[in-house]
Amino acid sequence: MKKILMSFCILSLLFGCSQPSHEKKEVVTEEKQEVQNNDKKTVTQNHTTVNNKKDTEIKKDKKVKNQQKTQDTKKTTEPKKGVKKESKKQDKKEEKKEQKKEEKQYCSLTVSCSSLINHKDLLESNYQIPSQGLIYSQQVQIEEGDSVLSILRKSGLRVDASGGYVKGIDNLYEFDCGNESGWTYSVNGRKLSVGASQYKVKKNDKIKWMYTVKRNEW
């Protein structure tokens, strides 16, 4: 019996000692797994943070590039101050020119042969003298570059002229009423010595063509 008890005690001691060592191994392995898992988590977190940093840097680069593009476009599109002033001056000049074009300008035109009334006996042609010798009297629109001769042609009357010298108006010609008879003109009451094609008509000018029988008659 003593031998049996002794062997039993020995076995129990052996088994009792072996159990805690096995449990310790299991605990160590679990701790290692936890550490490894934690390491993996930290690695993944580090990767995500790095990726996030890269994304933010890329976004910042894009923003900077976009800002530079917008600044460049502003520089190219926005004119300088001096250019703006010059463009404004040009626009004003063009507006003034357009306004002048839009504003219609007129002059008065009168064509008369009233001197024939007192010299009917000298008239060699079959010209019919109108009432009071007034052939034409109206306002005529002036266009740029109009002369006394071009305004006369705008009246619609028949005009026979060579250069700036007028020979006949409304079928009434020079020398039809004597050797000194013919056409002469005045502007604003003044007789001009230049040809009718040379004087440039201005706004509100009063042009009068007069048929004279004698040179100093008018």
Side chain proximity check, V111 to L152, heavy atoms < 4.5 angstrom = yes
request  = Measure the spacing between CG of L192 and OG1 of T184 and express it to the nearest 0.5 Å.
outcome  = 9.0 Å
task = Compare every heavy atom of S197 with every heavy atom of S147, then report the nearest pair and how far apart it is.
result = CB-O, 3.6 Å
ask   = For K206, does its backbone N or O pair with a side-chain atom of N188 as donor and acceptor, under 3.5 Å?
value = yes
ask   = At their closest point, which heavy atom of Y211 faces which heavy atom of Y173, and how far apart are they?
value = OH-O, 2.7 Å
request  = Give, for atom NZ of K203 and atom NZ of K104, the distance between the pair rounded to the nearest 0.5 Å.
outcome  = 13.5 Å
message = I'd like to check I135 versus W209 (side-chain heavy atoms, cut-off strictly below 4.5 Å). Are they in contact?
response = no
note = dist N179:CG -> R215:CZ (nearest 0.5 Å) comes out at 9.0 Å
task = Check whether any side-chain heavy atom of I142 sits under 4.5 Å from a side-chain heavy atom of D205, and report yes or no.
result = no
query = If two hydrophobic side chains count as joined below 4.5 Å and joins carry through other members, does I117 share a cluster with L122?
reply = yes
request  = For Y127 and C113, work out which heavy atoms get closest and say how close.
outcome  = CE2-SG, 4.0 Å
request  = Starting at CG of L172, measure out to CZ of R158 and round the result to the nearest 0.5 Å.
outcome  = 12.5 Å
ask   = Looking only at heavy atoms, which two atoms of S115 and T212 are closest? And how far apart?
value = OG-CA, 3.8 Å
query = What pair of heavy atoms forms the shortest contact from H119 to V213, and how long is it?
reply = CD2-CG2, 3.7 Å
inquiry  = Taking NZ in K202 as the centre, count heavy atoms belonging to other residues, nucleotides or ligands within less than 6.0 Å. Is the count above 12?
reply    = no
task = Kindly compute the distance separating CH2 (W183) from CG (D170), expressed to the nearest 0.5 Å.
result = 7.5 Å
request  = Give the cluster check for V140 versus Y106: same hydrophobic cluster or not, with ILVMFWY residues linked at side-chain heavy-atom distances below 4.5 Å.
outcome  = no
message = Which heavy atom of Q198 sits nearest to which heavy atom of V194, and what is that distance?
response = OE1-CB, 3.4 Å
task = Spell out, as yes or no, whether a donor-acceptor pair under 3.5 Å connects the side chain of S114 to the backbone of G133.
result = no
ask   = Can you check side-chain contact (heavy atoms from CB on, under 4.5 Å) on S162 and K167, steps first, answer last?
value = CA-CA 8 Å; S162 60; K167 296 177 181 179; 3.7 Å; yes
message = Quick check on Q128: does its CD atom have over 12 non-hydrogen neighbours (other residues, nucleotides or ligands) under 6.0 Å away?
response = no
ask   = Atom OG1 of T110 and atom CD of Q138: how far apart are they, to the nearest 0.5 Å?
value = 10.0 Å
inquiry  = Any heavy-atom pair between the side chains of D146 and K154 that's under 4.5 Å?
reply    = yes
